[in-house]
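Quick one: the structure is below, and I'll ask about it shortly.
Quick caveat, the model's predicted, so the values are computed rather than measured. Just so it is clear: chains get the letters A, B, ... in the order the sequence lines come, proteins before strands, and each one is counted from 1. FYI, side chains are in, hydrogens and waters are out, and symmetry mates aren't considered; it's all heavy atoms of this structure.
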Amino acid sequence: MTALDTSVRAKRSLAARIASGAAGGALRAFLLVVGLFWLVPTFGLLVSSFRDPTDIAASGWWKVFTAPAQLTTKSYQSLLEKDEITHALFNTIWITVPATLLVVIIGSMAGYAFACMDFKGRDGWFMAVVGLLVVPVQVALIPLSELFGKIGIFGSIIGVILFHVGFGLPFAIFLLRNFFAEIPRELLEAARLDGAGEARLFATVVLPLGGPAIASLGIFQFLWVWNDMLVALIFSDSGSQPLTVALQQQVRQFSGNIEILAPGAFISMVIPLAVFFAFQRQFVSGVMAGAVK
Amino acid sequence: MSSSVAKAGGAGALPPAPSATPRKSVIGTRPWVAALFLLPALVLLGALVVYPIGYSVWRSLYDSGGSHFVGVDNYVDIFRDDQTLIAVRNTAIWVAVAPALCTALGLIFAVLTERVRWGTAFKLIVFMPMAISMLAAGIIFRLVYEQDPNQGAANAIVTSVHDAFTDASVYPKARPAIGSDLKASGGGSFTTKRTAQAGTPAFLPLVGIAPDKVPGSPQDAKAASTGGDKVTGTVWLDFKLGGGGTKGAVDAGEKALKGVKVEAVRGGKVVASTTSGADGTFTLPKAADGAQLRLPGSNFATAYNGVEWLGPALVTPSIIGAYAWMWAGFAMVLIAAGLAGIDRNLLEAARVDGANEWQVFRKVTVPLLAPVLTVVLVTLMINVMKIFDLIYIIAPQPSQDDANVLALQLFLSAFGGQGNFGAGSAIGVLLLLLVLPVMWVNIRRLRKERQR
């Protein structure tokens, strides 16, 4: 093996090594440029959010490199003084937290039943749930707006939450069922023989063991609901609208509203980005669980 | 699901379910216990997902108000109405281009970052946009694509590259002062009526620019001195803030216009030319004596204003670019994971056999990654069919019809003032039909896993 290695290496002439060194340099330069390219759009909006409206109107955000004194937190201050924005921010929280918790709780109960219980028709029901994974939300917009209208929750936080719970459940059940199925059966059987009820088993064995999967799911559901605009655009009214909807209303007059939109977008991005950086691993494993394994 | 990360994961082709198929329990579960655990989920799924599917199919067969049965008319209209036809066409473009673009970028990034020590940092940067909302991404790119090169970064780059290769026009809005000797002479240029005489400085006053908007840092204009047998003169802004001064004369405080091209024309031919200096003065050689002075149109041509990114022609490609910015990271992470699972000996064997890096990539790496690439493509296709937020946010009102897609059209038909729930439902059902094959493949794969 070693002999082979050296013979292969010996074949690489000096010229080849220089060529590969140059290629490595070009590669690094290319990736550096691409990385910058990926950062610049966000950076531009970030800088804009810290500029005075008159500066924004007068010149591009890149002018701060020559005039750093332009930076100010004025836009953020005046934005957070607007009642409809702070109210919308709270609505986002009031929508996201319950919608996430409900999906995690209801989803893990169902996932547990599908993974660890024996009952008639189990596989059929589970396949039906898997079939629902790809149903587009668009199909439900019209029917649920009529249904919610009839029962009086159209234009309320509850309606928005319910919608997100419904469309979050298939993925939740799928992800958690697959994870719970890997819990050793012997563990569950032993506990059952000891006389533990399913509820106790669920709370004391399955939930603690399912921690990582539940974390992945929770992060996804949280980000999905927090970042949603379409559902809230239709199902909330002016009193219950989240931040995304409140900001969207300012987009039509884009260039005149940058001092609202730029800081607003960043306030709405702070939490998702914090979650992303804090839970990178769970985030990535959630992506994997949904696609390839 | 347009802004949904979770859905991105959930929506695509499924991974194989864990092979640990639950065995029969020794004790067995009492049916009512299982039902209790399942009930909340099944009730909610039934009411919030299954019922809407059925209702949509039924509703799509009725007219906008819901009182008259119209059969498949709503479906026919999707392909007959001009506005929805554009939406159908654009959705097809999106599905054909965006997933392939993201997958290609993801593949390139995944393969290249393997060879760089700071590859993880790079991946983090490219993957990050997945965490933010399509609304935020839309706002970010609306700013990038702003038309004004003084606002939008894309046009700032385009115009500065453009101007580096062509003569930038200097004073697009300037025009001769009323009462001056300069008269329009076609092609945007201005020519003096009188001929220039050596020894008598010419005055070429311009107006039309605010003194504080003169680009650069203009000096005060200076009346040209007599230059012997040469023709001299001054080009300046014959106006100062606060008014005052004599028209046609260089007054103190009036700004010089630097870099204006001045030509001496005799009998329609240019005999000499020069540009004005920092103090606005210019000097032409003796040959210009007795010729007319002309300020050619290139001095006043409208400045190149960059590309109309969000105009009717480019709006869809531009938004696809923003989408790729968001989702290339998704493809990259999945492909990188697939890459990590490849047997390195196969690549090494190909190299030892004399294959170069491109051949190894093309003939070994890509075929080995084919299953992952398929999953990524299918997942992105499903995601792209439902694209809504990005287009709703980035496309300005005048271009919205040109950027239209099915999901946006559904929203506009049903909730955008028309209130046509029949047409909207038909589009919803059409979207569902489009993803049906994937649903079928998912279920079939799951069943196969079970049988093993």
*Which region of B/Pro40, side chain (C-beta onward) or backbone (N, CA, C, O), has a non-hydrogen atom less than 4.5 Å from a non-hydrogen atom of chain A, or is it both or neither?*
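B/Pro40 touches chain A through backbone and side-chain heavy atoms alike.
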*Most heavy-atom pairs under 4.5 angstrom with chain B, which of A/Ile105, A/Val231, A/Val275, A/Leu233?*
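Result: the option with the highest number of such pairs is A/Leu233.
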_If I measure from the heavy atoms of chain A, does B/Trp118 come under 4.5 Å with its side chain, its backbone, both, or neither?_
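It is the side chain, since no backbone atom gets that close.
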*asked:* Please verify the inter-ring angle class for A/Phe283 with A/Phe220; under 30° counts as parallel, over 60° as perpendicular, anything in between as tilted.
replied: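 Rings of A/Phe283 and A/Phe220: parallel, as their planes differ by under 30°.
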*Just how far is it from atom CG of A/Leu261 to atom CZ of B/Arg142, taken to the nearest 0.5 Å?*
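CZ of B/Arg142 is found 9.0 Å from CG of A/Leu261.
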*Which bit of A/Leu141 comes within less than 4.5 Å of chain B, counting heavy atoms only: side chain, backbone, both or neither?*
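Both parts, backbone and side chain.
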*What part of A/Leu31 lies closer than 4.5 angstrom to a heavy atom of chain B: side chain, backbone, both or neither?*
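Both the backbone and the side chain of A/Leu31 come within 4.5 Å of chain B.
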*Where on A/Leu27 is there a heavy atom nearer than 4.5 Å to chain B: the side chain, the backbone, both, or neither?*
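The answer is the side chain of A/Leu27.
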*asked:* What part of A/Ser216 gets within 4.5 angstrom of chain B, counting heavy atoms only: side chain, backbone, both, or neither?
replied: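 Contact with chain B involves no heavy atom of A/Ser216 at all.
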*Where on B/Val376 is there a heavy atom nearer than 4.5 Å to chain A: the side chain, the backbone, both, or neither?*
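Neither the backbone nor the side chain of B/Val376 comes within 4.5 Å of chain A.
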*Would you indicate whether B/Glu114, at its atom CD, is surrounded by more than 12 heavy atoms from other residues, nucleotides or ligands within a distance under 6.0 Å?*
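Atom CD in B/Glu114 is crowded, with more than 12 foreign heavy atoms closer than 6.0 Å.
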*Top of A/Ala140, A/Pro41, A/Ala113, A/Pro272 for chain B proximity - count of heavy-atom pairs under 4.5 angstrom*: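 Most pairs with chain B among the choices: A/Pro41.
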*Would you mind reporting whether A/Cys116 and A/Arg185 have side-chain heavy atoms less than 4.5 Å apart?*
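With C-beta onward as the side chain, the pair touches.
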_Given heavy-atom pairs under 4.5 angstrom as the criterion, report whether the side chain, backbone, both or neither of B/Phe415 touches chain A._
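Just its side chain gets close to chain A.
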_So for A/Leu46, is it side chain, backbone, both, or neither that comes closer than 4.5 Å to the heavy atoms of chain B?_
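Contact with chain B is absent: no heavy atom of A/Leu46 under 4.5 Å.
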*Can you establish whether the number of heavy atoms outside A/Trp125 located under 6.0 Å from its atom CH2 is more than 12?*
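Count not over threshold, so no.
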*Heavy-atom distance under 4.5 Å between the side chains of B/Leu124 and B/Met128, does that happen here?*
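Sidechains of B/Met128 and B/Leu124: no contact.
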*Is it the backbone or the side chain of B/Leu406 that comes under 4.5 Å from a heavy atom of chain A, or both, or neither?*
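Neither part.
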*Considering non-hydrogen atoms only, spot the tightest contact between A/Ala232 and A/Asp228 and give its length.*
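Distance-wise, the nearest heavy atoms are N-OD2, 3.1 Å.
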*For A/Leu32, is it the side chain, the backbone, both or neither that has a heavy atom under 4.5 Å from a heavy atom of chain B?*
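Both the backbone and the side chain of A/Leu32 come within 4.5 Å of chain B.
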*Measure the acute angle between the ring planes of B/Phe141 and B/Tyr145, then classify it against the limits of 30° and 60° as parallel, tilted or perpendicular.*
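Geometry flag for B/Tyr145 against B/Phe141: tilted rings.
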_For B/Trp440, is the CH2 atom crowded, meaning more than 12 foreign heavy atoms sit under 6.0 Å from it?_
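No.
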*List the steps and the verdict of ring pair (Phe, Tyr, Trp, His ring centres under 6.0 Å) for B/Trp32 and A/Phe119.*
CA-CA 9 Å; B/Trp32 67 268; A/Phe119 55 91; over 10 Å; no
*asked:* Counting C-beta onward and ignoring hydrogens, is there a side-chain heavy-atom pair between B/Arg444 and B/Val441 closer than 4.5 Å?
replied: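 Not in contact.
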_Proximity breakdown for B/Glu146 and chain A, heavy-atom pairs closer than 4.5 Å_ =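 Contact with chain A involves the side chain of B/Glu146 alone.
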_So which residue, A/Leu45, A/Val40, A/Val129, ends up with the most heavy-atom pairs under 4.5 Å with chain B?_
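Counting heavy-atom pairs under 4.5 Å, the top option is A/Leu45.
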*Relative to chain B, which of A/Leu188, A/Leu273, A/Val103 shows the most heavy atom pairs under 4.5 Å?*
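Sorted descending by pairs with chain B, the first entry is A/Leu273.
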*Without swapping roles, check the side chain of B/Asn155 against the backbone of B/Gln147 for a donor-acceptor pair under 3.5 Å.*
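Yes; judged by distance alone, with no hydrogens or angles, the pair exists.
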*By a 4.5 Å heavy-atom criterion (distance strictly below it), what part of B/Val126 contacts chain A: side chain, backbone, both, or neither?*
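Backbone plus side chain of B/Val126, per the 4.5 Å heavy-atom cut-off to chain A.
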*How about residues 423-433 of chain B versus chain A: which residues have heavy atoms under 4.5 Å apart?*
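Checking residues 423-433 of chain B against chain A gives B/Gly424, B/Ser425, B/Gly428, B/Leu431, B/Leu432.
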*Salt-bridge test for B/Arg115 and B/Glu357: reply yes if a basic N is under 4.0 Å from a carboxylate O, no otherwise.*
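Here B/Arg115 pairs with B/Glu357 in a salt bridge, since their nearest N and O are under 4.0 Å apart.
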*Can you tell which part of A/Phe148 gets under 4.5 Å to a heavy atom of chain B, answering side chain, backbone, both or neither?*
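It is the side chain, since no backbone atom gets that close.
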*According to the interplanar angle, ranging from 0 to 90°, do the rings of A/Phe235 and A/Phe163 count as parallel (below 30°), tilted (30 to 60°) or perpendicular (above 60°)?*
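Rings of A/Phe235 and A/Phe163: tilted, 30 to 60°.
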*Indicate the ring-plane relationship of A/Phe202 and A/Tyr112, choosing parallel, tilted or perpendicular according to the 30° and 60° boundaries.*
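Judged by the thresholds at 30° and 60°, the geometry between A/Phe202 and A/Tyr112 is tilted.
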_Residue part contacting chain B, namely of A/Ile173, when any heavy atom lies under 4.5 Å_ =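 It is the side chain, since no backbone atom gets that close.
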*Sort B/Leu436 into side chain, backbone, both or neither according to what part of it lies under 4.5 angstrom from a heavy atom of chain A.*
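Answer is neither: B/Leu436 stays 4.5 Å or more from chain A.
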*Pick from A/Phe30, A/Phe277, A/Trp62, A/Phe266: which one has the most heavy-atom pairs with chain B under 4.5 Å?*
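The answer is A/Trp62.
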*Inter-residue atom distance B/Leu45.CG - A/Leu169.CG, 0.5 Å rounding*: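 Those atoms lie 5.0 Å apart.
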_Sidechain-backbone polar pair: B/Ser413 side chain, B/Leu410 backbone, donor-acceptor under 3.5 Å_ =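 No, because the side chain of B/Ser413 does not come within donor-acceptor range (under 3.5 Å) of the backbone of B/Leu410.
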_Using heavy-atom distances under 4.5 Å, tell me whether B/Val116 contacts chain A through its side chain, its backbone, both, or neither._
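Answer is side chain: those atoms of B/Val116 sit under 4.5 Å from chain A.
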*Largest heavy-atom contact set with chain A, pairs under 4.5 Å, which of B/Leu143, B/Val144, B/Leu434, B/Ile108*: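 Top option by heavy-atom pairs under 4.5 Å: B/Leu143.
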_Mutual orientation of the aromatic rings belonging to A/Phe276 and B/Phe127 [parallel < 30°, tilted 30-60°, perpendicular > 60°]_ =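 Plane angle between 30° and 60°, so tilted.
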*asked:* Report which part of A/Ser108 has an atom under 4.5 Å of a heavy atom belonging to chain B: side chain, backbone, both, or neither.
replied: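 It is neither, since no heavy atom gets under 4.5 Å.
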_Portion of B/Ala47 that has a non-hydrogen atom of chain A nearer than 4.5 angstrom_ =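 Just its backbone gets close to chain A.
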_Under 4.5 Å from any heavy atom of chain A, what part of B/Ala336 do you find: side chain, backbone, both or neither?_
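For B/Ala336, neither part sits under 4.5 Å from chain A.
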*Proximal component of A/Trp226, with respect to chain B [non-hydrogen, under 4.5 Å]*: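 No part of A/Trp226 comes within 4.5 Å of chain B.
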*When you measure from the side chain of A/Asn257 to the backbone N and O of A/Val251, does any donor-acceptor pair fall under 3.5 Å?*
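No; zero donor-acceptor contacts below 3.5 Å.
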*So with a 6.0 Å cut-off around CZ of B/Arg351, is the heavy-atom count from everything else above 12?*
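Yes, CZ of B/Arg351 has more than 12 neighbouring heavy atoms, counting only those of other groups under 6.0 Å.
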*Contact class of A/Ile219 relative to chain B, heavy atoms under 4.5 angstrom*: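 No part of it gets close to chain B.
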*Mind ranking A/Gly264, A/Ala128, A/Ser145, A/Ala262 by heavy-atom pairs under 4.5 Å with chain B and telling me who comes out on top?*
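Going by pairs under 4.5 Å, I would pick A/Ser145.
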